[in-house]
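Throughout, residue positions are numbered sequentially from 1 according to the sequence presented. For clarity, every value in this text was computed on a predicted model and none was experimentally measured.
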Amino acid sequence: MRGFPKDLNEAGGAGSPAASITGDNTIAVGVGGDVGTYALVRAFHEQYGITGVVLSSVATRPMQDSAIVENVVVPGLDDTETFLSSLEEVARRHAGKRPILLTNADWFVREVIVHRERLDAAGFVTPYPSLEVLEQVSSKEGFAEVCERLGIPTPRTVVADIPKLVAGGGRAAVADLELDLQFPLIGKPSNSADWHYVSFPGKAKIHHLNDRAELDEVLGHLVDAGYPSAFLVQEFIPGDETQMRSLTAYRDASGTVTLLATGRVLLEEHTPGTLGIPAAILVEPYDDAMEAATRFLDATDYVGFANFDYKLDPRTGRHVYFEVNPRIGRNNFYVTAGGANVARVLVEDQVLGRPIQPLRATSEVLYTVVPFGLLLRYVLDPELKARLKRLKSEGKVVNPLKYDRDSGLKRRLIVEAITQNYRRKYAQYYPEPTSTGY
C-alpha cells in the first residue's frame, strides 16, 4: 500500500483526518456516471473538501453542471485499454495529487483488480479485494458455499450452467433442466461482469419468472447468445420490497471491519436496466446481519467495500442472504447520511494507513432518489408510512443529488428534473404497488 510522506500522514494528528487530506494533495476519481458515483464524490467533498473527476461513456445528468465533479466523457470506456489509458491520463493531468479510484460497477471493479499493478504504478489508490477473493465471492455459487459453511441462510437455488446446456443441445436441452422449485422464481446471473457483455431481448438486472415458459425463454436467449457463465434460478422469498435489506461494510487491510451500515429497503427501481436497485432506504440497525457480514468478510479475508443484499423471510423471521457485491452499492449515500462517511474509512486505511475506531451508521434517516410523495404511494404499511412522514417533518430525508454545497440554480433545476422523472418511470414499469414488488 502506498501512502503519503510521513510528514503529511502526521499532519493534524490522528483525531483530525481532514487536516491531512485536502483538495491540494488528493482527488477522487470515479468511474460510471450514476447517482452512486456522484454520492461517493460527494462523501469525499463533505469529509475533506476534495473535488472529483468522473469518467463515463456518455455525459450523464447526475454529473451535469456540478461544481464538485468534472465529468470526462470517454466513448468505449468498457474497452480495457481505453479504460486503463483514460485513468492514466487523469493521473497525469492531476500530477501531484493522489487519485483514489472509485466505482460501483462490477465490470469496472474486475478490471481494476486484474490490472491493479498498472494502476498502482500510475499512483492510484485501489481499495478492492484480491482477484482470488473476488472470484470466490462474486460468484453466486461461491457466495452460497461460504454462507453454507458459516451457517448463513440463503435461498434454495438451481444452477443453470449455460455452457453445459449449449454443449448438450442448446435450446433442446433447456426443457430438460430439472427444477425442484415452485414458481414464482427469481432469475439472476451468477457472474455480473459476464452479464455486462451479454445482450438479448428482455434482458434485465433481475428476472421475475412466473412460470416455466418464462424461464425457458430467458435460458433460450442465453444459450443462443453463448453466455459463458451460469444463470441462477432461486426461490422467491415472500413479501414486498419493504422486506428487502441492504448492508454496506468496509474491511481494512489489517483485517478489521471498520464500517457497518444496514437499512430497510422501501422501494426498488423497476426499469429493466436498474431493476432491484434500492431507490429508497430507511437506515435501521440489524445486529444479526452485521454479525453475519463480519463473519463472512473475515472468513474470506476480504478487503475493501462490500454490499450485501438480503431479505426478511416472514415464514421464519430470519434474514436470508442473496449475494455480496464486491464494491460499494449505488445506494451508498444512506451510509454517509446515517452517520458514517464512507470516504473516511477508505482514506484512513488505504491512504493514511492507520487504525480507526469502527463506524456504524445508526442515525434514523430516509434515503430516497424518488419524490417523497411517490414513495409514500408504494409503502402499504400504515405504521411505516406514518414513520416516514415523521422523518420528513423532522428534516431527516436525504437525496444524494441535493447537496447544499453543489446547488447553483441550473444544478438545482437539473436535479429536480431527474427526481421528478421517476414518476414517469414508475408509471410505465410499476404503475401500482403489489404485495410482491413486481
Side-chain angles (χ1 to χ4, degrees), residues 23 26-45 50-128 131 134 138 191-199 203 205 271-274 277 304-305 325-330 332-333 343 346 350 400-401 406 410-411 414-415 418:
T26 310
I27 188 167
V29 179
V31 181
D34 62 17
V35 173
T37 306
Y38 178 86
L40 285 171
V41 175
R42 173 177 171 175
F44 275 83
H45 191 262
I50 296 172
T51 57
V53 174
V54 171
L55 305 182
S56 58
S57 57
V58 296
T60 67
R61 298 190 80 196
M63 307 298 165
Q64 191 175 348
D65 211 57
S66 170
I68 68 169
V69 175
E70 177 194 357
N71 188 192
V72 178
V73 177
V74 183
L77 190 58
D78 59 355
D79 170 76
T80 297
E81 183 55 36
T82 300
F83 172 67
L84 296 172
S85 60
S86 298
L87 287 172
E88 289 169 334
E89 175 59 24
V90 170
R92 281 193 293 270
R93 283 202 299 115
H94 295 274
K97 294 184 179 183
R98 188 73 192 279
I100 300 176
L101 187 52
L102 310 166
T103 184
N104 57 16
D106 294 320
W107 185 85
F108 291 126
V109 168
R110 176 174 288 275
E111 290 296 287
V112 170
I113 292 172
V114 170
H115 301 283
R116 192 195 305 265
E117 288 188 7
R118 180 170 168 181
L119 292 169
D120 285 350
F124 281 95
V125 175
T126 52
Y128 302 97
L131 181 59
L134 175 74
S138 63
N191 187 303
S192 298
D194 287 340
W195 195 251
H196 173 82
Y197 287 109
V198 70
S199 177
K203 176 187 173 184
K205 186 172 183 288
T271 54
T274 60
I277 294 175
F305 286 110
N325 300 297
R327 52 173 171 75
I328 201 163
R330 176 173 171 171
N332 64 83
F333 196 71
L346 190 163
Q350 295 282 319
L401 295 178
D406 190 15
K410 185 177 178 182
R411 172 71 182 175
I414 291 167
V415 169
I418 293 171

Participant: Can you confirm whether Arg110 sits close enough to His196 that some side-chain heavy atom of one is under 4.5 Å from a side-chain heavy atom of the other?
Facilitator: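 Arg110 does not reach His196 side chain to side chain.
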
Participant: Out of the candidates Val73, Val69, Leu40, only one should pair with Val54 under the side chain to side chain contact (heavy atoms under 4.5 Å, CB included) rule; please name it.
Facilitator: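 Of all the options given, the one that passes is Val69.
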
Participant: Go through the structure and list residues passing side chain to side chain donor-acceptor pair (under 3.5 Å) with Gln64, not counting sequence neighbours.
Facilitator: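 If we apply the side chain to side chain donor-acceptor pair (under 3.5 Å) test to Gln64, skipping adjacent residues, there are no hits.
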
Participant: Any side-chain heavy-atom pair from Thr60 and Asp34 closer than 4.5 angstrom?
Facilitator: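 Contact flag for Thr60/Asp34 side chains = no.
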
Participant: Distance check, rounded to the nearest 0.5 Å: Tyr128 atom OH versus Leu134 atom CG?
Facilitator: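 Tyr128 atom OH to Leu134 atom CG measures 11.5 Å (nearest 0.5 Å).
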
Participant: Search all heavy atoms of Phe83 against all heavy atoms of Val112 and return the closest pair with its distance.
Facilitator: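 Closest approach of Phe83 to Val112: CZ-CG2, 3.8 Å.
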
Participant: Got a sec, which residues hit side chain to side chain donor-acceptor pair (under 3.5 Å) with Ser85, two or more places apart in sequence or on another chain?
Facilitator: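 With neighbours one apart ignored, the set is empty.
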
Participant: Any side-chain heavy atom of Val415 sitting closer than 4.5 Å to one from Arg411?
Facilitator: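 Side-chain contact under 4.5 Å: yes.
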
Participant: What heavy-atom pair brings Tyr38 and Pro400 nearest, and what distance separates the two atoms?
Facilitator: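 Looking at all heavy atoms of both residues, the shortest contact is CE2-O, 3.3 Å.
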
Participant: For Ile27 versus Thr51, what's the shortest heavy-atom pair and its separation?
Facilitator: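 Scanning both residues, the minimum pair turns out to be CG1-O, 3.6 Å.
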
Participant: Please confirm whether the backbone N or O of Gly36 pairs with a side-chain atom of Asn332, one donor and one acceptor, at under 3.5 Å?
Facilitator: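 It does hold such a pair.
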
Participant: Between atom CG of Asp106 and atom CH2 of Trp195, what is the distance when rounded to the nearest 0.5 Å?
Facilitator: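 Going from CG on Asp106 over to CH2 on Trp195, the span is 13.0 Å.
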
Participant: To the nearest 0.5 Å, tell me how far Arg61 CZ sits from Asn71 CG.
Facilitator: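 One finds 13.5 Å between CZ of Arg61 and CG of Asn71.
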
Participant: Can you confirm whether Val198 sits close enough to Lys203 that some side-chain heavy atom of one is under 4.5 Å from a side-chain heavy atom of the other?
Facilitator: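 Side chain of Val198 against side chain of Lys203, heavy atoms only: contact under 4.5 Å found.
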
Participant: To the nearest 0.5 Å, what is the distance between OG1 on Thr103 and CG on Leu55?
Facilitator: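 Between atom OG1 of Thr103 and atom CG of Leu55 there are 10.0 Å.
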
Participant: According to side chain to side chain donor-acceptor pair (under 3.5 Å), who are the partners of Ser138, at least two apart in sequence or on a separate chain?
Facilitator: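 Residues passing side chain to side chain donor-acceptor pair (under 3.5 Å) with Ser138: none at all.
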
Participant: Roughly how far apart are Lys205 NZ and Ile277 CD1, rounded to 0.5 Å?
Facilitator: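 Output value for this atom pair is 5.0 Å.
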
Participant: On a heavy-atom basis, which atom in Leu77 and which in Ser57 lie closest, and how many Å separate them?
Facilitator: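 Looks like CD2-N, 4.1 Å.
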
Participant: If I take atom CG from residue Asp65 and atom CD1 from residue Ile414, how far apart are they, to the nearest 0.5 angstrom?
Facilitator: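 Reported value, rounded in 0.5 Å steps: 5.0 Å.
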
Participant: Heavy atoms, side chains only, cut-off 4.5 Å: are Trp107 and Thr80 in contact?
Facilitator: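 Result yes, sub-4.5 Å side-chain heavy-atom pair found.
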
Participant: If you look at every heavy atom in Ala67 and Asp406, which pair is closest and at what distance?
Facilitator: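 Nearest heavy atoms, Ala67 then Asp406: N-OD1, 2.7 Å.
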
Participant: Salt bridge or not for Arg327 and Glu111, using N-O below 4.0 Å?
Facilitator: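 Salt bridge: no.
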
Participant: I'd like to know whether Glu89 forms a side chain to side chain contact (heavy atoms under 4.5 Å, CB included) with Val72, so could you lay out the CA-CA distance, the side-chain angles of the two residues, the decisive distance to 0.1 Å, and finally the verdict.
Facilitator: CA-CA 11 Å; Glu89 175 59 24; Val72 178; over 6 Å; no

Participant: Take a 6.0 Å sphere around CD of Glu81 and say whether it holds more than 12 heavy atoms from other residues, nucleotides or ligands.
Facilitator: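 Yes.
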
Participant: Between Leu346 and Leu102, is any pair of side-chain heavy atoms under 4.5 Å apart?
Facilitator: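 When only atoms from C-beta onward are counted, Leu102 and Leu346 do touch, with a gap below 4.5 Å.
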
Participant: I need the minimum non-hydrogen distance between Val29 and Leu87, along with the two atoms involved.
Facilitator: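 Answer, listing the atom of Val29 first, then Leu87: CG1-CD2, 3.9 Å.
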
Participant: Do Leu131 and Val114 come close enough that some side-chain heavy atom pair is under 4.5 Å?
Facilitator: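 Answer yes - side chains close enough.
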
